[in-house]
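Below you'll find the structure, written out as structure tokens, and then a few comments.
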Amino acid sequence: MNDRQYQGINRTICIGLGSTGKEVLMRVRRLIVDRYQDLAKLPVVSFVHIDTDKEATQSVSLRTGNSYQGVDLSFQDAEKINATMTSAQITELVQGLEHCNPIGDQPSPYAHISEWFPPQLLRNIKAIDQGAKGIRPIGRLSFFHNYLKIKQAIEVAEQRTRGHEQDLLKQSGLIVDPGLNIIVVGSLCGGTGSGTFLDMAYSLRYAYPEVKQLVGYLVISPELYGNTPNMCANTYAALMELDYYSSPGTTFAACYDQRYDIHVQEKRPPFDYTYLVSKSTEQGNYVIDKQRKLCNVIANKIALDFSSELAPVVKGMRDNFAQHLIQEDDHPRPNTQNYLTFGLAAIYFPRDRISQITVTRISHKLTNFWLQGEGQSPDPLKLLEQFFIEHHWYNNSDQKNGFISKLEEIPIENEKNFNALMNTWKSKLENKITECKTKEERASLMRQLQRDFREQFHKTKTGDSESTRGVWLTKIIKGKNSLFTQLCEDIDSYLYSLLNPNNKNFSITNSRNWLDAIQSELNTYQYEIELKVKDVNSTKSLEQLEKNGHKLTR
């Protein structure tokens with residue numbers, strides 16, 4: 001059976017507005033790398049960053065950095081939009097708005113902007129490339145001017161999320177559910193976020209009418225951005241507009257491009273779920289004192305939807321609020337309860353350090369296990385005795401004659417070994433001697449024995465080559481090679497058994513001690529054999545000297 005746990009996930013576009021939107025999205029990308037090791041392994045989640053500050057889209061994030069665990073987190077060209085206007089474009093706009101006459105026969109190409117843009121700002125605008133300067137209409141103007149570019153970037157982002165169902169199911173156990181989720185995140189305190197969030201939401205309603213969930217995360221704490229009067233005013237004005245268009249009976253209307261007749265009229269609220277995020281808890285028991293901390297909280301909340309086992313729980317809890325969100329309260333002027341917020345708790349720990357410590361400890365234990373086993377320390381000599389007996393090299397520890405015995409067992413003639421042949425020859429001679437009755441028979445036997453002795457001892461004649469060596473000794477020396485091969489195979493087999501963790505004597509230390517013991521044993525055995533050969537050769541030399549001396553005496 002397949003025990004793999006499958007998790008549902010939706011295709012998702014994350015859109016960041018302004019500097020706050022960028023910081024949140026960068027943290028979301030870090031969280032994806034934490035879980036999936038690479039952004040490319042979660043291709044159903046796509047990103048778009050929109051900013052009126054051209055340097056903000058190009059610069060490195062000072063808070064998160066553009067690299068994490070070896071993965072480049074920076075936005076690709078297709079993921080970032082410079083919603084800027086040059087000085088020439090501003091001059092053309094100002095001239096067009098000053099001469100705008102919506103009643104005339106030829107409507108001005110800027111009539112859709114003159115409907116809402118404050119005329120008192122016309123003389124103070126230069127280029128829009130270093131942010132909206134905290135002015136909401138400037139942020140909205142940048143959105144209108146770059147609408148087609150923004151629309152195209154989001155379409156490309158949506159296309160990037162398609163066609164990955166089979167790969168994700170096979171590689172990550174993720175089931176891509178039907179439908180598209182879109183997340184918009186930004187701050188209502190500055191000019192870019194508070195000036196564009198409504199138009200962003202309703203342009204998405206227009207482009208993707210069947211979107212499964214359109215969710216907004218909006219920061220409403222001016223204190224984190226300097227708490228200037230302008231920021232407080234922006235937040236208040238943005239919330240007023242949000243509340244107005246979230247109420248029943250209102251219609252949002254805007255024309256984003258007269259050339260292509262892009263008119264948006266929408267009666268629905270801007271977002272299906274609107275999260276208003278501040279620095280304080282309801283009771284004020286905890287206060288987030290840094291903008292980066294709040295961005296981190298929002299990023300973790302967003303990432304729960306597609307990078308956590310809690311995703312089904314989060315979606316279920318949000319769905320439970322749907323009925324309450326559309327109900328009106330008991331106020332004399334009924335208001336919908338169309339806003340959410342959230343609390344988030346997480347435990348932070350140095351994962352890389354803990355992982356390294358864990359791997360080191362496991363490696364240490366594994367190394368000790370291989371070196372020492374379970375702590376057993378068998379006597380190498382006992383292991384050596386066990387080896388020789390199991391592989392039939394010695395019969396017992398007192399009679400270490402395995403090599404000589406195996407040499408004696410080598411077949412020499414008619415499947416008989418050396419001892420058998422010599423015993424047969426001896427018995428044959430004894431029978432012949434017994435059969436001799438007369439002096440002539442004994443003399444004849446003596447002559448025959450001389451020939452037999454010469455023949456037999458020629459078979460056992462020593463020599464440095466086969467041409468000078470006797471037949472029987474040649475066969476024994478040839479058998480010696482196979483004997484060495486068998487010994488090596490037996491040593492390897494026993495060594496492998498000692499290196500098997502299932503062996504009760506397993507450990508590298510025990511194996512090495514056994515190898516040292518058998519090496520010492522073989523060296524001792526070799527020395528004893530060489531000593532015996534030397535004694536035999538010395539005896540032969542003495543006999544030869546005595547024989548030669550006897551001849552000289554004669």
Side-chain angles (χ1 to χ4, degrees), residues 8-17 20-21 24-25 27-28 31 44-48 154 157-158 161 177-188 193-194 196-221 235 238-248 250 252 266-278 281-282 294-295 297-308 310-329 334-344:
I9 191 171
N10 282 103
R11 296 186 301 115
T12 305
I13 304 174
C14 299
I15 301 174
L17 304 178
T20 299
V24 172
L25 295 194
R27 283 172 166 78
V28 171
L31 293 170
V44 292
V45 178
S46 194
F47 297 87
V48 177
I154 295 174
E158 192 272 336
T161 65
D177 296 327
L180 173 69
N181 289 347
I182 303 179
I183 296 172
V184 179
V185 58
S187 168
L188 300 186
S194 64
T196 61
F197 81 100
L198 279 176
D199 293 287
M200 186 77 260
Y202 281 111
S203 63
L204 292 170
R205 292 280 195 203
Y206 173 78
Y208 303 96
E210 302 300 326
V211 64
K212 187 174 183 179
Q213 286 184 353
L214 178 57
V215 184
Y217 290 88
L218 308 174
V219 178
I220 56 171
S221 287
T235 306
L239 288 173
M240 289 286 289
E241 289 185 344
L242 175 63
D243 188 65
Y244 175 78
Y245 288 112
S246 299
S247 301
T250 57
F252 179 89
E266 180 61 62
K267 294 183 178 181
R268 289 180 293 176
F271 301 103
D272 297 316
Y273 298 98
T274 306
Y275 289 93
L276 300 180
V277 189
S278 70
T281 60
E282 181 181 2
L294 189 60
C295 290
V297 170
I298 298 172
N300 276 276
K301 173 63 171 63
I302 292 173
L304 287 178
D305 283 344
F306 44 77
S307 63
S308 170
L310 295 176
V313 178
V314 173
K315 293 178 182 179
M317 294 176 62
R318 189 163 51 207
D319 292 340
N320 292 337
F321 281 109
Q323 183 63 33
H324 300 285
L325 292 175
I326 62 176
Q327 292 178 352
E328 297 179 350
D329 61 14
N335 297 288
T336 57
Q337 311 299 301
N338 210 34
Y339 310 109
L340 296 168
T341 191
F342 61 90
L344 194 65

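Numbers here simply count residues along the sequence, with the first being 1.
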Taking the side chain as everything from C-beta on, heavy atoms only, tell me whether [X] gets closer than 4.5 Å to [Y].
{"X": "Leu17", "Y": "Val184", "result": "yes"}
{"X": "Leu214", "Y": "Tyr208", "result": "no"}
{"X": "Leu218", "Y": "Ser187", "result": "no"}
{"X": "Phe47", "Y": "Ile15", "result": "no"}
{"X": "Leu188", "Y": "Leu239", "result": "yes"}
{"X": "Leu340", "Y": "Leu276", "result": "no"}
{"X": "Asp305", "Y": "Asn181", "result": "no"}
{"X": "Leu294", "Y": "Val277", "result": "yes"}

[X] to [Y] - nearest heavy-atom pair and separation:
{"X": "Leu31", "Y": "Ala299", "result": "CD1-O, 3.6 Å"}
{"X": "Asn10", "Y": "Thr12", "result": "O-OG1, 2.9 Å"}
{"X": "Val219", "Y": "Ile298", "result": "CG2-CD1, 3.7 Å"}
{"X": "Pro270", "Y": "Leu242", "result": "CG-CD1, 3.6 Å"}

Item to check | Mutual orientation of the aromatic rings belonging to Phe197 and Phe271 [parallel < 30°, tilted 30-60°, perpendicular > 60°] | outcome: parallel
Item to check | Whether Tyr275 and Tyr217 hold their rings parallel, tilted or perpendicular, with breakpoints at 30° and 60° | outcome: parallel
Next on the checklist: Leu180 and side chain to side chain contact (heavy atoms under 4.5 Å, CB included): which single residue from Gln213, Glu210, Arg11 fits?
Outcome noted: Arg11
Item to check | Reported CD1-to-CD1 distance for the pair Ile183 and Ile302, which is rounded to 0.5 angstrom | outcome: 5.0 Å
Would you check if the side chain of [X] reaches a backbone N or O of [Y] as a donor-acceptor pair within less than 3.5 Å?
{"X": "Thr161", "Y": "Val44", "answer": "no"}
{"X": "Thr250", "Y": "Pro248", "answer": "no"}
{"X": "Ser46", "Y": "Ile13", "answer": "no"}

Checklist entry - Between Val45 and Cys14, is a side-chain contact (heavy atoms from CB on, under 4.5 Å) present by the stated rule, with each step listed? => result CA-CA 7 Å; Val45 178; Cys14 299; 4.2 Å; yes
Checklist outcome for this item: Contacts satisfying side-chain hydrogen bond (donor to acceptor under 3.5 Å, both in side chains) that involve residues 197-206 (not counting sequence neighbours) are Arg140-Asp199, Asp199-Tyr256, Arg205-Asp272
Checklist entry - Which residues satisfy the side chain to side chain donor-acceptor pair (under 3.5 Å) test with Glu266, sequence neighbours excluded? => result Arg268
